[in-house]
K.L.:
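Can you keep this structure in mind? I'll have questions shortly.
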Amino acid sequence: MADLERHDYDVVVIGAGGAGLRAAIEAHERGARTAVVCKSLLGKAHTVMAEGGIAAAMGNVYPEDNWRVHFRDTMRGGKMLNHWRMAQLHAQEAPARVRELEDWGALFDRTPDGLISQRDFGGHRYARLAHVGDRTGLELIRTLQQRTVALGIDVFMECTVTRLLTADDGAISGAFAYRRDSGQFLAFRAPAVVLATGGIGKSYTVTSNSWEYTGDGHSLALAAGASLINMEFLQFHPTGMVWPPSVRGILVTESVRGDGGVLKNAAGNRFMFDYIPDYFRKETAETEEEADRWYTDKKNNRRPPELLPRDEVARAINSEVKADRGSPHGGVFLDIASRRDADYVQKRLPSMYHQFKELAEVDITAEAMEVGPTCHYVMGGVEVHPETAAASVTGLFAAGEVAGGMHGSNRLGGNSLSDLLVFGRRAGTAAAGHAASAPAAALSETALAEAETAALAPFGRQGGENPYTVQHDLQEAMNSLVGIIRTAAEVEQALERIAELKVRVQALTVAGGRHYNPGWHLALDLPHMLRVSECVARAALERQESRGGHTREDFPGPREEWGQLNVLCTLFGDGIGLHRKPLPGMPPELAEIFEESG
Amino acid sequence: MSYEANLRVWRGDADGGELQDFTVTVNEGEVVLDILHRLQATQTPDLAVRWNCKAGKCGSCSAEVNGRPRLMCLTRMGTFEPDESITITPLRAFPVVRDLVTDVSYNYDKAREMPPFVPPERDADGNHRMQQIDVERSQEFRKCIECFLCQDVCHVVRDHEDNKPAFAGPRYLMRLAELDMHPLDGVDRRRLAQDHFGLGMCNITKCCSEVCPEGIKITDNALIPMKERVVDRKYVPPTWLGNAIRRRRQ
Ligand SMILES: Cc1cc2nc3c(=O)[nH]c(=O)nc-3n(C[C@H](O)[C@H](O)[C@H](O)COP(=O)(O)OP(=O)(O)OC[C@H]3O[C@@H](n4cnc5c(N)ncnc54)[C@H](O)[C@@H]3O)c2cc1C
Ligand code: SF4
Ligand code: SF4
Ligand code: FES
């Protein structure tokens with residue numbers, strides 16, 4: 001393979017979002033020769049879109065806050081399905097990870113004492129989200145990007161990894177990729193690979209996710225022999241835009257509610273009061289008066305039901321719309337205009353103001369927004385060791401949205417950005433450590449040739465359909481059949497459709513050449529999307545209960561026995577195999593935290 | 001509600017290309033990027049265009065619409081007459097890769113030349129302390145989504161390719177100002193701004209500020225103050241005085 005570009009590293013990080021960049025910085029600082037590979041330009045990964053903030057119990061606004069409270073909120077938000085050790089490490093280490101961003105130039109909003117300010121978000125007992133207006137993700141990614149550049153870490157932008165390479169003993173030996181601009185192929189030889197590829201939401205029609213979220217890392221991990229955990233749990237964020245149709249799904253940050261916005265139905269009622277589940281009743285306000293007092297006096301009042309965890313709010317909105325109490329375009333109203341003055345809204349939510357003005361011609365300081373659920377985040381991901389972020393495949397690590405276990409059945413807002421930092425750093429440490437002790441195996445020339453043949457296959461076929469049609473049909477199937485409310489019959493139907501789509505993907509054709517050809521790129525992403533969608537559907541069929549981001553109309557409510565079980569997916573020939581695995585037991589000193597009064 | 005729009009899209013690569021005419025359906029509320037996606041799905045599957053967020057947050061979808069540098073995801077079709085033909089071309093200041101995608105490595109090269117942020121020690125309790133009013137100046141510049149529209153429109157490089165080695169462009173001159181106004185940074189980059197990054201070549205036409213989708217007042221708030229600081233290196237404006245003293249103490 002003469003025209004193959006070859007590189008040798010100790011650690012190759014796939015993904016340049018918060019998790020990937022944090023991992024690369026750490027690996028580099030520990031002396032590993034490190035490269036970052038990403039599909040878009042540097043600084044454009046999903047992390048840039050995050051709005052609300054980074055959850056960390058720094059106690060800057062409420063000194064009562066500490067890691068135990070954050071741990072408790074996280075586990076309860078995930079309906080106790082989280083890996084307790086990940087949730088513990090996350091809560092303990094997040095404050096230090098946020099503070100170190102300041103050493104690298106980040107400028108968070110401040111408290112009057114000059115400390116990092118923290119805001120309220122759903123499911124968090126105290127104001128806990130470090131933020132910069134509503135563009136926190138931009139601050140996070142730019143800070144890490146500038147740090148990465150300052151350290152001189154090699155970044156391969158607009159390169160897509162299509163395969164992980166493994167040695168005879170099954171350990172990681174590197175990765176195979178193509179350059180999106182030229183179509184040139186690349187081989188990375190490295191004993192350690194960190195997956196930080198983000199999520200899978202592009203398999204849905206209504207989503208806050210971009211073209212990048214095709215589940216590549218989930219799928220690459222499966223193919224290398226790793227297992228995925230919790231794939232039935234998808235987070236439908238309660239507030240996506242619903243109008244005009246072309247912006248349907250674009251996120252409206254939870255900060256709107258954290259900063260005082262409320263949800264109303266067509267009759268003008270704050271319907272969330274009708275949807276408070278028993279599980280959260282003790283900590284939720286019963287009257288509008290109490291809810292409103294909470295914003296200024298959290299000690300003597302309970303939180304508004306609008307700030308229940310996302311799964312609860314999304315289901316409530318879904319029910320209101322189904323009961324014909326929705327807004328004109330099939331959502332509900334999110335109103336901050338009548339509750340906070342225009343100055344406050346523009347200061348706290350500048351990018352939301354801008355987004356509605358530009359895209360929907362709505363002035364959010366004067367009128368209510370129309371919002372509805374949108375596919376936002378995948379709780380499921382690569383099963384990893386909590387301390388090292390290591391997958392079951394030697395030399396493979398995973399951090400960020402692509403990793404599973406941390407968030408259980410539902411993620412709290414703000415807990416992703418902190419997750420990226422905590423486990424990105426841990427993955428970088430462990431990957432560098434592994435590379436120092438494990439020599440890089442030689443790459444198999446046969447495997448490289450195979451990878452190249454597979455990547456070029458779509459050009460060799462004639463007369464098939466175009467990849468956009470197949471993608472569209474997959475999105476429709478997942479959106480309508482494995483969405484926010486599920487039934488066995490519909491999920492089975494989705495699996496049939498996926499099987500048909502797998503055949504169609506084998507036959508599709510690509511027009512044009514290898515230079516910056518999005519049609520070709522999509523053709524190579526589609527098998528990942530199908531594989532991961534199949535995991536979601538199979539796991540959703542398996543779990544016969546409703547919990548967090550998985551609601552079965554035919555099995556309402558949580559079931560005791562399922563509260564002790566994870567569903568694992570592995571690759572089994574060309575299909576997906578399922579296993580049930582008991583949750584790891586929580587040590588008594590942590591279990592105690594849940595007995596303390598709510 | 002729907003209508004058929006006339007689109008003229010530049011297609012080609014480094015060796016040349018041309019405007020091609022297309023007729024595409026437009027629905028209510030759609031933006032230029034939606035129309036290009038429809039083109040990809042129905043007529044030109046290999047049309048090269050960058051995008052990510054579709055909400056003006058990532059700065060990927062920059063191009064020139066009727067000759068004006070814009071984010072295509074924030075350019076509503078409703079701002080044009082239905083019978084108007086809309087011309088979409090790649091950013092002119094950068095070499096074409098293919099169709100609407102340009103080689104923006106000039107910008108990433110300039111970023112690599114930037115001397116990094118250098119913080120002081122933290123306070124004894126592990127925190128850095130800064131007042132909101134002191135962080136706000138640099139925060140304005142940190143809103144930058146690196147769409148490079150300002151880099152594209154600035155006449156210093158737009159029509160003079162040979163100026164590129166000596167001129168960092170508004171985005172990176174603003175980055176120098178951002179670091180200069182950062183309450184914690186301890187490096188003086190003023191000489192570098194002038195001698196290496198070409199601050200003197202900017203003649204404050206404000207074209208950069210006009211195209212910035214984030215509404216950053218690049219010229220007024222970053223470039224002009226930076227020029228003043230460079231001209232009189234002894235002059236220290238009152239708002240920075242406190243920090244300068246603190247920095248000296250450390
Ligand atoms: C609109 C929006 C708002 C959000 N707001 C918040 C918030 O306020 N707080 C919060 O905590 N969370 C928030 N989230 C969630 C959070 O932003 C994401 O979960 C998080 O940024 C994911 O980071 P990551 O590092 O895992 O992946 P990403 O940032 O998505 O990065 C993935 C990287 O992997 C690369 N990649 C993928 N596949 C390949 C491949 N095959 N080859 C090479 N590279 C590849 C991509 O190019 C990209 O660089 C929000 C999400 C969205 C969409
Ligand atoms: S103000 Fe300066 S940097 Fe901005 S466009 Fe004019 S010359 Fe260029
Ligand atoms: S300063 Fe404005 S125009 Fe320039 S790159 Fe940043 S966001 Fe774009
Ligand atoms: S797609 Fe992100 S700014 Fe346009």
Side-chain angles (χ1 to χ4, degrees), chain A residues 40-46 48-49 96 99 102-105 107-110 112-117 132-133 135 137-139 142 146-147 149-150 152 157 181 210-212 243-247 250-251 351 354-355 358-360 466-469 472 510-513 515-520, chain B residues 13 27-31 34 37 40-42 44-60 73-74 76 78 97-99 101 103-104 108 111-112 114-117 119 122 126-132 134-135 138-139 142-146 179 182-185 214-215:
Chain A
S40 290
L41 295 171
L42 183 58
K44 312 295 182 197
H46 243 78
V48 78
M49 297 170 218
R99 285 196 186 97
E102 289 201 310
D103 286 332
W104 301 339
L107 281 175
F108 291 100
D109 289 345
R110 319 306 297 179
D113 303 336
L115 298 174
I116 295 173
S117 169
V132 186
R135 58 162 190 86
L138 172 61
E139 189 68 17
R142 200 66 83 232
Q146 286 164 348
R147 178 76 181 164
V149 169
M157 294 188 223
D181 58 358
S210 83
W211 71 271
E212 290 202 311
W243 188 259
S246 71
V247 300
I250 291 179
L251 196 76
S351 95
H354 195 207
Q355 179 176 315
E358 299 281 339
L359 296 174
N466 98 33
Y468 299 93
T469 317
H472 175 265
V510 160
H515 289 252
Y516 220 113
N517 182 345
W520 179 39
Chain B
D13 55 27
N27 302 317
E28 186 182 353
E30 287 184 333
V31 294
D34 291 317
H37 284 158
Q40 282 183 328
T42 55
T44 56
D46 61 338
L47 174 68
V49 47
R50 284 196 181 105
W51 70 283
N52 279 290
C53 68
K54 223 176 151 297
K57 291 181 182 10
C58 72
S60 300
C73 71
L74 290 188
R76 287 168 65 95
V97 173
R98 213 172 142 256
D99 303 341
V101 171
D103 174 359
V104 291
Y108 287 95
R112 265 195 299 277
M114 203 62 51
F117 170 77
R122 299 188 197 177
N127 290 302
H128 288 294
R129 281 181 174 70
M130 294 178 261
Q131 288 306 310
Q132 182 64 31
D134 295 328
V135 300
S138 294
Q139 275 185 336
R142 290 182 71 83
K143 286 197 308 199
C144 169
I145 57 174
E146 299 199 334
L179 288 166
H182 194 301
L184 297 180
D185 182 61
E214 286 293 310

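These values consider heavy atoms only, across backbone and side chains, with no hydrogens, waters or symmetry-generated copies. Chain letters run A, B, ... following the sequence lines, proteins first, then strands; residues in each count from 1.
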K.L.:
Can you say whether A/R99 sits under 4.5 Å from chain B via the side chain, the backbone, both, or neither, judging by heavy atoms?
P.N.:
both

K.L.:
Is it the backbone or the side chain of A/Q146 that comes under 4.5 Å from a heavy atom of chain B, or both, or neither?
P.N.:
side chain

K.L.:
Under 4.5 Å, counting heavy-atom pairs only, tell me which of B/M114, B/H128, B/H37 racks up the most with chain A.
P.N.:
B/H128

K.L.:
Any side-chain to backbone donor/acceptor pair from A/D109 onto A/G133? Under 3.5 Å, distance only.
P.N.:
yes

K.L.:
Can you tell me if A/K44 uses its side chain to pair, donor with acceptor, with the backbone of B/C58 under 3.5 Å?
P.N.:
yes

K.L.:
Return the SG to NZ distance between B/C73 and B/K57, rounded to the nearest 0.5 Å.
P.N.:
9.0 Å

K.L.:
Heavy-atom distances under 4.5 Å only: say whether A/H472 touches chain B with side chain, backbone, both or neither.
P.N.:
neither

K.L.:
In terms of heavy-atom proximity below 4.5 Å to chain B, should A/P112 be classed as side chain, backbone, both, or neither?
P.N.:
backbone

K.L.:
Quick one: which of A/L42, A/D113, A/T469 has the most heavy-atom pairs under 4.5 Å with chain B, could you say?
P.N.:
A/L42

K.L.:
Rounded to the nearest 0.5 Å, what separation is found between the CG atom of B/L184 and the CZ atom of B/F117?
P.N.:
5.0 Å

K.L.:
Going by the rule side-chain contact (heavy atoms from CB on, under 4.5 Å), which residues pair with B/S138 if we only count those two or more places apart in sequence or in a different chain?
P.N.:
A/L107, B/E178, B/M181, B/H182

K.L.:
Looking at B/G29, B/P45, B/P119, which makes the most heavy-atom pairs under 4.5 Å with chain A?
P.N.:
B/P45

K.L.:
Which one of A/S246, A/P244, A/A360, A/G519 has the most heavy-atom pairs closer than 4.5 Å to chain B?
P.N.:
A/S246

K.L.:
Check each atom of B/N52 against the heavy atoms of chain A and say whether the ones under 4.5 Å are side chain, backbone, both or neither.
P.N.:
both

K.L.:
Counting C-beta onward and ignoring hydrogens, is there a side-chain heavy-atom pair between B/E146 and B/V104 closer than 4.5 Å?
P.N.:
no

K.L.:
Identify, with sequence neighbours excluded, every residue that meets side-chain contact (heavy atoms from CB on, under 4.5 Å) alongside A/A150.
P.N.:
B/P116

K.L.:
May I ask you to test the B/Y108-A/L41 pair for a side-chain heavy-atom distance under 4.5 Å?
P.N.:
yes

K.L.:
Salt bridge (Lys or Arg N to Asp or Glu O under 4.0 Å), that's the test. Do B/D134 and A/R110 meet it? Break it down for me.
P.N.:
CA-CA 10 Å; B/D134 295 328; A/R110 319 306 297 179; over 6 Å; no

K.L.:
Among B/E30, B/Q131, B/E28, B/R50, which residue has the highest count of heavy-atom pairs closer than 4.5 Å to chain A?
P.N.:
B/R50

K.L.:
Please look at A/N466 and chain B and tell me whether the side chain, the backbone, both or neither of the residue comes under 4.5 angstrom of a heavy atom of that chain.
P.N.:
side chain

K.L.:
Could you tell me which portion of A/E358 (side chain, backbone, both or neither) has an atom closer than 4.5 angstrom to a non-hydrogen atom of chain B?
P.N.:
both

K.L.:
Using modelled atom types only, decide if a donor and an acceptor are shared between the side chain of A/N517 and the backbone of A/A511 within a distance under 3.5 Å.
P.N.:
yes

K.L.:
Out of A/G105, A/S40, A/G512, which one racks up the most heavy-atom pairs below 4.5 Å with chain B?
P.N.:
A/G105

K.L.:
Within the distance-only criterion (no hydrogens, no angle test), does the side chain of B/D99 pair as donor or acceptor with the backbone N or O of B/V101 below 3.5 angstrom?
P.N.:
no

K.L.:
Using non-hydrogen atoms and a 4.5 Å limit, figure out which bit of B/I145 sits close to chain A: side chain, backbone, both or neither.
P.N.:
both

K.L.:
By a 4.5 Å heavy-atom criterion (distance strictly below it), what part of A/W520 contacts chain B: side chain, backbone, both, or neither?
P.N.:
neither

K.L.:
Sort A/W104 into side chain, backbone, both or neither according to what part of it lies under 4.5 angstrom from a heavy atom of chain B.
P.N.:
backbone

K.L.:
If you tally heavy-atom pairs under 4.5 Å against chain B, which of A/M157, A/H46, A/Q355 wins?
P.N.:
A/M157

K.L.:
Is it the side chain or the backbone of A/L359 that comes within 4.5 Å of chain B heavy atoms, both, or neither?
P.N.:
both

K.L.:
With no hydrogens and no angle check, do the side chains of A/H515 and B/D46 hold a donor and an acceptor under 3.5 Å apart?
P.N.:
no

K.L.:
Please classify the contact between B/R112 and chain A as side chain, backbone, both or neither, with a heavy-atom cut-off of under 4.5 Å.
P.N.:
both

K.L.:
Which heavy-atom pair separates B/R98 from B/A48 by the least distance, and what is that distance?
P.N.:
O-CB, 3.5 Å

K.L.:
Among A/D181, A/L138, A/V48, single out the residue with the greatest number of heavy-atom pairs under 4.5 Å to chain B.
P.N.:
A/L138

K.L.:
Select one option (side chain, backbone, both, neither) describing which atoms of B/R142 are under 4.5 Å from chain A's heavy atoms.
P.N.:
both

K.L.:
Please determine, among A/V149, A/L115, A/I250, A/D103, the option with the most heavy-atom pairs under 4.5 Å with chain B.
P.N.:
A/D103

K.L.:
Less than 4.5 Å to any heavy atom of chain A: does that hold for the side chain of B/V135, its backbone, both, or neither?
P.N.:
both

K.L.:
When you measure from the side chain of A/Y468 to the backbone of B/Q40, do you find a donor-acceptor pair of N or O atoms at a distance under 3.5 Å?
P.N.:
no

